[in-house]
Amino acid sequence: MNITSKKLLIMSITILMMILLSQIFGYVGNTFDTKFATVTERVNFRKTANTESSSIVKTLPKNTAIKLVGDIDNFYITFLENNEVGLISKDFIQITENSTQTFEAYQKLDKFMVEVLSANTNLRGGPGTTYTNYLKLPAGLNVQVIGSINDWYLVITPTNTVGMIRQDLVKKVENNGTEETPSTLPNTSETVLKLMNEARAAQGINPLKIDDLLNSTAQAKAVDMVKNNYFSHESPTYGSPFKMMQNAGITYRTAGENIAGNPSVENAVKSWLASESHRQNILSNAYNYVGIGIEESPSYGYVIVAMFIGK
């Protein structure tokens with residue numbers, strides 16, 4: 001293989017790994033009483049709590065007045081004066097005592113789960129049909145409600161996207177979404193593997209096999225997430241999952257990771273399968289080995305880590 005071909009292969013693998021890297025956050029966005037603020041410099045206004053270019057809605061000028069109603073990790077859930085909702089990095093926010101801007105009344109709600117009733121339901125960037133459509137939501141998806149403006153709910157999706165949805169397009173989940181159905185399976189790695197391989201078998205895909213070294217690496221990541229109280233693919237201890245695998249001596253052609261926080265590992269897998277990006281990891285022919293880590297968590301019940309590789 002010549003140098004150019006090697007470079008193309010490395011680039012292809014890197015791109016595939018970036019595409020397949022995904023997470024589910026377990027509905028842990030925080031809410032608080034409204035705070036007013038300004039942005040300290042030009043900053044990206046995002047629909048999803050990550051730093052990917054695809055999450056950017058627009059760029060805000062310095063000194064833009066904003067209203068803060070909650071946060072997800074290092075991002076504030078933010079309303080603009082025109083009632084657009086999105087996320088801004090906390091690094092570029094200065095809290096103020098009050099605001100001279102007029103913001104439409106926003107009502108903070110005790111968090112609860114709702115189920116999307118119809119396929120291709122619009123998640124809007126504000127409380128009305130004239131606002132940008134952030135996402136098309138599938139029927140049956142559970143999203144977390146944290147507030148409202150008039151007859152629109154402010155919600156957080158399982159992929160950390162914020163937006164607003166008409167209240168008549170969803171129904172409240174009576175068990176608050178902590179479990180979509182009562183779990184009857186043990187909270188073990190065997191359960192996770194069984195459910196993932198059942199999903200693969202239904203699509204005619206060969207089962208995933210456990211790699212012992214990958215398994216211990218995924219368990220170390222789960223322990224680290226609970227011990228250091230974070231929820232991210234990027235570990236403050238080990239770095240990215242790819243770096244963690246490489247440092248453990250794991251070789252692979254392709255790699256990816258799913259993470260979840262849930263009271264039930266059974267329902268964590270169900271949530272992964274309901275999310276397109278997570279489902280792609282589980283059903284990918286590019287992977288033939290998996291490592292599964294599970295650690296009890298005071299925040300979620302369990303933190304679940306699935307590391308996938310293709311050899």
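Residue numbers start at 1 and run along the sequence shown.
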Do other residues, nucleotides or ligands put more than 12 heavy atoms under 6.0 Å from [X] [atom1]?
| X | atom1 | answer |
| --- | --- | --- |
| N229 | CG | no |
| E198 | CD | yes |
| D151 | CG | yes |

*Decide side chain to side chain contact (heavy atoms under 4.5 Å, CB included) for V43 and I93; before the verdict, give the C-alpha distance in whole Å, the side-chain angles of both, and the deciding distance to 0.1 Å.*
CA-CA 9 Å; V43 65; I93 299 294; over 6 Å; no

Enter the distance from [X]:[atom1] to [Y]:[atom2] here, rounded to the nearest 0.5 Å.
| X | Y | atom1 | atom2 | value |
| --- | --- | --- | --- | --- |
| H278 | N258 | NE2 | CG | 5.0 Å |
| I259 | I304 | CD1 | CD1 | 10.0 Å |
| T161 | N50 | OG1 | CG | 7.5 Å |
| M245 | Y238 | CE | OH | 14.0 Å |
| Y289 | I210 | OH | CD1 | 11.0 Å |

_Exactly one of D71, I88, I156 should register a side-chain contact (heavy atoms from CB on, under 4.5 Å) with I77. Which one does?_
I156

Give a yes or no answer on whether the side chain of [X] reaches the backbone of [Y] with a donor-acceptor pair at less than 3.5 Å.
| X | Y | value |
| --- | --- | --- |
| S297 | V226 | no |
| Y287 | A255 | yes |
| T78 | Y76 | yes |
| S89 | F92 | no |
| R200 | I282 | yes |
| T121 | V116 | no |
| T64 | P61 | yes |

*Assess whether side chain to side chain contact (heavy atoms under 4.5 Å, CB included) is satisfied between Y153 and V143, documenting all intermediate values.*
CA-CA 10 Å; Y153 283 138; V143 295; over 6 Å; no

Does the side chain of [X] reach to within under 4.5 Å of the side chain of [Y], using non-hydrogen atoms?
| X | Y | answer |
| --- | --- | --- |
| L193 | P207 | no |
| N288 | N206 | no |
| N83 | Y131 | yes |
| F79 | L154 | yes |
| L117 | L169 | no |
| S148 | Q167 | yes |
| T129 | W152 | yes |
| N150 | P127 | no |

*Could you walk me through whether L195 and L273 pass side chain to side chain contact (heavy atoms under 4.5 Å, CB included), step by step?*
CA-CA 10 Å; L195 294 174; L273 291 170; 5.9 Å; no

Can you list the residues that meet the side-chain hydrogen bond (donor to acceptor under 3.5 Å, both in side chains) rule with [X], with sequence neighbours excluded?
| X | value |
| --- | --- |
| K311 | D211 |
| E190 | T188 |
| K58 | E84 |

*hydrophobic_cluster_shared for L60 and I56, side chain cutoff 4.5 Å*: no

*Is M307 linked to V223 within one hydrophobic cluster, defined over Ile, Leu, Val, Met, Phe, Trp and Tyr using a side-chain heavy-atom separation of less than 4.5 Å?*
no

Could you give the side-chain donor-acceptor pairs of residues 214-222 under 3.5 Å, partners two or more places apart or in another chain?
{"from": "N215", "atom 1": "OD1", "to": "I292", "atom 2": "N", "distance (Å)": "2.8"}
{"from": "S216", "atom 1": "OG", "to": "L213", "atom 2": "O", "distance (Å)": "2.9"}
{"from": "T217", "atom 1": "OG1", "to": "L213", "atom 2": "O", "distance (Å)": "2.8"}
{"from": "Q219", "atom 1": "OE1", "to": "I294", "atom 2": "N", "distance (Å)": "3.0"}
{"from": "Q219", "atom 1": "NE2", "to": "I294", "atom 2": "O", "distance (Å)": "3.1"}
{"from": "Q219", "atom 1": "NE2", "to": "E295", "atom 2": "OE1", "distance (Å)": "3.1"}
{"from": "K221", "atom 1": "NZ", "to": "H233", "atom 2": "O", "distance (Å)": "3.1"}
{"from": "K221", "atom 1": "NZ", "to": "E257", "atom 2": "OE1", "distance (Å)": "3.1"}
{"from": "K221", "atom 1": "NZ", "to": "E257", "atom 2": "OE2", "distance (Å)": "3.0"}

*With sequence neighbours excluded, residues passing side chain to side chain contact (heavy atoms under 4.5 Å, CB included) with N133*: N122, R124, K136

_V114 and I165: CA distance, side-chain angles, deciding distance, side chain to side chain contact (heavy atoms under 4.5 Å, CB included) verdict_ = CA-CA 11 Å; V114 294; I165 189 170; 5.6 Å; no

*asked:* According to ring-ring contact (aromatic ring centres under 6.0 Å, His included), does anything in residues 190-215 pair up with another residue at least two apart or in another chain? List the pairs.
replied: none

